A.B. asks: 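Got a structure here, written out as structure tokens. Questions coming.
The basis for the numbers below is simple: all heavy atoms, side chains too, and nothing from hydrogens, waters or symmetry mates. Note that the structure is predicted; figures quoted are calculated from it, not measured.
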Amino acid sequence: MDIKKISKYLIIGVVGTILVVFGIILNGCEKDQDEIFINQSDINYEIVVEIKGEVKNPNIYRLPQGSRISDLISVAGGFTSLADNKNVNLAALLEDGMIILINSNDSIIKKVNINQASYDELMTLKGMTKTRANNIIEYRNNHGYFNSIDELLKYKLVTNEIFDQIKEFITI
């Protein structure tokens with residue numbers, strides 16, 4: 001037999017074999033694709049939520065879908081002793097991307113009215129001394145009500161440092 005004929009039959013045989021193998025592979029892939037299905041109960045849905053404020057471990061947490069605020073507080077270590085837990089709906093469902101803020105009990109600040117405050121009320125202010133409290137009451141009794149909280153500085157009843165500490169907690 002001639003070498004050219006043998007080469008020709010060999011090439012045809014190799015190409016034919018490659019086509020058959022390729023066809024089997026393609027046919028197998030199509031079968032696998034037809035048989036693939038997803039069982040919805042096997043999927044583990046998660047949500048990501050952040051908790052801030054008065055919990056022991058504020059952070060970002062991954063929880064199962066359907067979790068409630070009580071679940072988040074549990075994984076965050078629970079409330080701190082300062083937490084205002086009376087105003088938290090523990091049964092509320094969490095949603096992906098939520099931020100939960102747990103306020104402290106002292107988040108609701110009762111301001112001291114410097115025009116009406118007693119000595120004892122003035123003494124609750126940070127940095128207030130007996131002398132300062134007495135001077136405020138004496139000034140108020142002698143000159144009438146303050147028109148602005150800034151008058152405490154103007155009439156040198158408190159220092160700048162003390163004023164900066166109490167200005168958010170006083171009113172007229």
A.B. asks: Hey, does the side chain of Arg132 reach the backbone of Gly127 with a donor-acceptor pair shorter than 3.5 angstrom?
C.D. replies: yes
A.B. asks: Any idea which heavy atoms bring Thr124 and Glu121 closest together, and the distance?
C.D. replies: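 Reported closest heavy-atom pair: OG1-O, 2.6 Å.
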A.B. asks: Anything under 3.5 Å between a donor and an acceptor, one on a side chain of residues 47-60, the other on a protein residue two or more places apart or in another chain? List them.
C.D. replies:
unit_1: Glu54; atom_1: OE1; unit_2: Thr80; atom_2: OG1; d: 2.6

A.B. asks: Applying the side chain to side chain contact (heavy atoms under 4.5 Å, CB included) test to Ile114, which of Ile137, Leu157, Thr171, Leu152 qualifies?
C.D. replies: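 Answer after filtering Ile137, Leu157, Thr171, Leu152: Leu152.
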A.B. asks: Treat each ILVMFWY residue as a node, draw an edge where side-chain heavy atoms are under 4.5 Å apart, and state whether Ile69 and Leu101 are in one component.
C.D. replies: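 They do not share one cluster, since no chain of ILVMFWY contacts under 4.5 Å joins Ile69 to Leu101.
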A.B. asks: Looking at side-chain heavy atoms only, is the closest gap between Leu94 and Ile100 below 4.5 Å?
C.D. replies: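 A side-chain contact exists here, since the closest heavy-atom pair is under 4.5 Å.
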A.B. asks: Which residue pairs pass the ring pair (Phe, Tyr, Trp, His ring centres under 6.0 Å) test with at least one member in residues 122-144, sequence neighbours excluded?
C.D. replies: Tyr139-His143, Tyr139-Phe146, Tyr139-Tyr155
A.B. asks: Kindly work out whether a path of hydrophobic side-chain contacts (I/L/V/M/F/W/Y, heavy atoms less than 4.5 Å apart) joins Leu153 to Phe169.
C.D. replies: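 Yes, same cluster.
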A.B. asks: Could you check if a side-chain atom of Glu46 sits within less than 4.5 angstrom of a side-chain atom of Gln65, using non-hydrogen atoms only?
C.D. replies: no
A.B. asks: Sub-3.5 Å donor-acceptor pair from the side chain of Ser67 to the main-chain atoms of Leu63, do we have one?
C.D. replies: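 Not a single qualifying donor-acceptor pair exists.
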A.B. asks: Answer yes or no: is there a side-chain heavy-atom contact under 4.5 Å between Ile162 and Thr159?
C.D. replies: yes
A.B. asks: Step by step, work out the side chain to side chain contact (heavy atoms under 4.5 Å, CB included) result for Phe79 and Asp84.
C.D. replies: CA-CA 9 Å; Phe79 292 116; Asp84 179 17; over 6 Å; no
A.B. asks: Please report the closest heavy-atom contact between Lys167 and Ile149, naming both atoms and the distance.
C.D. replies: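 Heavy atoms only, the tightest pair is O-CD1, 3.9 Å.
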A.B. asks: Taking atom CD of Glu151 and atom OH of Tyr145, what is their separation to the nearest 0.5 Å?
C.D. replies: 14.0 Å
A.B. asks: Between Arg140 and Ala117, is there a donor-acceptor pair closer than 3.5 Å when you use the side chain of the first and the backbone of the second?
C.D. replies: yes
A.B. asks: Are Leu90 and Met98 in one and the same hydrophobic cluster, where Ile, Leu, Val, Met, Phe, Trp and Tyr link if side-chain heavy atoms are under 4.5 Å apart?
C.D. replies: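 Yes; tracing contacts between hydrophobic side chains, which count when under 4.5 Å, links both residues.
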A.B. asks: Could you tell me whether the side chain of Asn103 reaches within less than 4.5 Å of the side chain of Asn87, counting heavy atoms only?
C.D. replies: no
A.B. asks: Which one of Leu125, Ile136, Val158 satisfies the side chain to side chain contact (heavy atoms under 4.5 Å, CB included) criterion with Ile170?
C.D. replies: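 Option passing the side chain to side chain contact (heavy atoms under 4.5 Å, CB included) with Ile170: Leu125.
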A.B. asks: Where is the tightest heavy-atom contact between Ala133 and Leu122, given as atom of each residue plus distance?
C.D. replies: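 Distance-wise, the nearest heavy atoms are O-CD1, 3.7 Å.
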A.B. asks: Check whether Ile172 and Val112 end up in the same hydrophobic cluster, where Ile, Leu, Val, Met, Phe, Trp and Tyr are linked by side-chain heavy atoms less than 4.5 Å apart.
C.D. replies: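 Ile172 and Val112: one cluster.
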